[in-house]
Protein chains: 2
Amino acid sequence: MTETPAARQLAAAAVDLFYRQGAKATTVREITQACGLTAGSLYNHFVSKEELLYTVVRDMHLGLEREVERAQSAAPDPTGQLIAIVRVYVDQHARHRKSSRVANVEYTLLNAERRAEIVDIRRRLRDRLTSVLLAGQATGAFDLGGDAFDGADRSTATLVATAILDMCVHVSAWFHEGRPLSTAELQERYVLLALRMAGS
Amino acid sequence: MTETPAARQLAAAAVDLFYRQGAKATTVREITQACGLTAGSLYNHFVSKEELLYTVVRDMHLGLEREVERAQSAAPDPTGQLIAIVRVYVDQHARHRKSSRVANVEYTLLNAERRAEIVDIRRRLRDRLTSVLLAGQATGAFDLGGDAFDGADRSTATLVATAILDMCVHVSAWFHEGRPLSTAELQERYVLLALRMAGS
DNA sequence: CGACTGAATGAACGCTTGTTTACCTGCGCG
DNA sequence: CGCGCAGGTAAACAAGCGTTCATTCAGTCG
């Protein structure tokens with residue numbers, strides 16, 4: 001129920017307002033007014049305000065997952081995959097700062113079914129990094145610092161994965177291009193931090 | 001305008017609801033109903049709903065700052081101070097999960113003046129860790145991994161401080177005592193991660 | 001040309017919101 | 001003992017909310 005230019009413009013205006021005020025604090029009238037329309041017009045393009053929020057949140061999560069898959073599959077070993085995943089996360093959350101922030105903060109306001117779908121994508125993304133960390137630990141490329149004699153501790157790997165992703169995701173809360181870092185510089189610094197966290 | 005038991009009870013109910021639904025999505029009637037009161041009663045204890053949110057957010061931030069100061073001043077050197085700060089952050093965000101999450105997410109909804117006050121506390125907290133990292137780099141205890149020949153790069157230290165705090169703050173989004181980690185175990189794991197990030 | 005369609009409109013809907021008001025009540029204290 | 005008052009109530013308030021609706025209008029196509 002999307003894909004027309006008008007729908008895209010409404011979604012873009014919504015992202016901007018959601019980012020600045022929060023989704024619940026943003027009214028349908030504000031969104032449509034930003035596009036030079038009146039309130040009722042929104043319902044020619046979205047069945048409800050919640051569906052509009054849903055498409056924004058879902059598109060961002062699916063886009064992120066797609067980029068992560070692409071980058072990871074091009075990397076040869078766990079170290080390269082960790083680097084690739086961190087680069088994609090930082091890039092997405094820095095370059096699409098507003099939609100990323102909205103997606104990460106406001107998805108909790110979706111109804112149970114839709115929220116479950118988003119939570120599932122987020123779990124898949126985290127599990128993907130967890131597996132990379134475990135693979136690297138198995139080859140000796142990483143040292144996750146769990147209890148020494150417990151070779152492949154998945155809960156330790158999950159914890160490190162969570163910490164790495166939390167750090168990357170939060171970039172969307174404060175980053176501004178070129179103040180004082182470029183996106184590329186930020187990527188390289190965060191790659192270094194992630195490698196250190198993994199004990200590389 | 002706070003400090004009576006009734007005001008505290010209202011604040012506690014508000015934290016719980018804000019945590020689950022967001023502050024803007026929570027109504028005055030829901031908050032008072034949770035305390036067995038009617039809507040009007042809230043105004044015997046708070047001048048507005050926004051002031052209630054403000055006291056919740058401010059109390060959490062001031063409490064965190066107080067604990068950080070206390071822990072840091074008891075530590076002898078930069079390494080000990082970094083460990084102390086991370087322990088406090090993890091402890092507070094794990095043990096007071098709901099109020100921490102509300103404070104970190106919903107402070108953006110406050111009016112300009114109050115938001116500026118909160119942003120200031122957050123900046124002070126981050127600057128404190130930045131200084132610890134710089135001190136540790138000066139003594140050779142840390143290696144922050146900035147450009148090698150630029151001995152005391154404050155922007156690099158700020159970036160590492162931001163990454164460490166973001167990781168700790170986000171604990172409030174997912175932690176549940178004993179699943180599978182206790183607060184104490186989580187503290188030690190995050191201390192290890194932070195030390196690695198600082199190049200200790 | 002004339003029928004059809006997608007999209008915008010403005011008015012209205014019913015409901016909920018935060019807040020105010022006028023009134024009531026029970027407890028502590030001079 | 002009776003008075004004051006902190007703290008409760010129900011009811012009302014205007015404003016604002018998301019959403020619906022009948023209608024209009026501009027293109028498109030056979």
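Every chain is numbered from 1, with letters handed out A, B, ... down the list of sequences. The figures that follow rest on heavy atoms only: side chains count, while hydrogens, waters and symmetry mates do not.
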Assign a letter to each nucleotide of nucleotides 8-27 of chain C from its 5' end: B, base within under 4.0 Å of a protein heavy atom; S, sugar-phosphate only; -, no contact.
BBS-B----BBBB-------
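Using the six-membered ring where Trp is involved, A/H61 and A/Y107 have ring planes that are perpendicular, over 60° apart on the 30 and 60° scheme.
Counting only heavy atoms from C-beta outward, the side chains of A/F142 and A/V160 never approach each other to under 4.5 Å.
Ion pairing between A/R128 and A/E69 holds under the 4.0 Å rule for side-chain N and carboxylate O. The pair A/D143-B/R196 counts as a salt bridge, with a side-chain nitrogen and a carboxylate oxygen less than 4.0 angstrom apart.
Among pairs with a residue in residues 80-93 of chain A, those fulfilling salt bridge (charged side-chain N to carboxylate O under 4.0 Å, His left out) read A/R87-A/E188, A/D91-A/R95, at least two apart in sequence or across chains.
The separation between A/E51 atom CD and D/dT19 atom C1' is 14 Å, rounded to whole Å.
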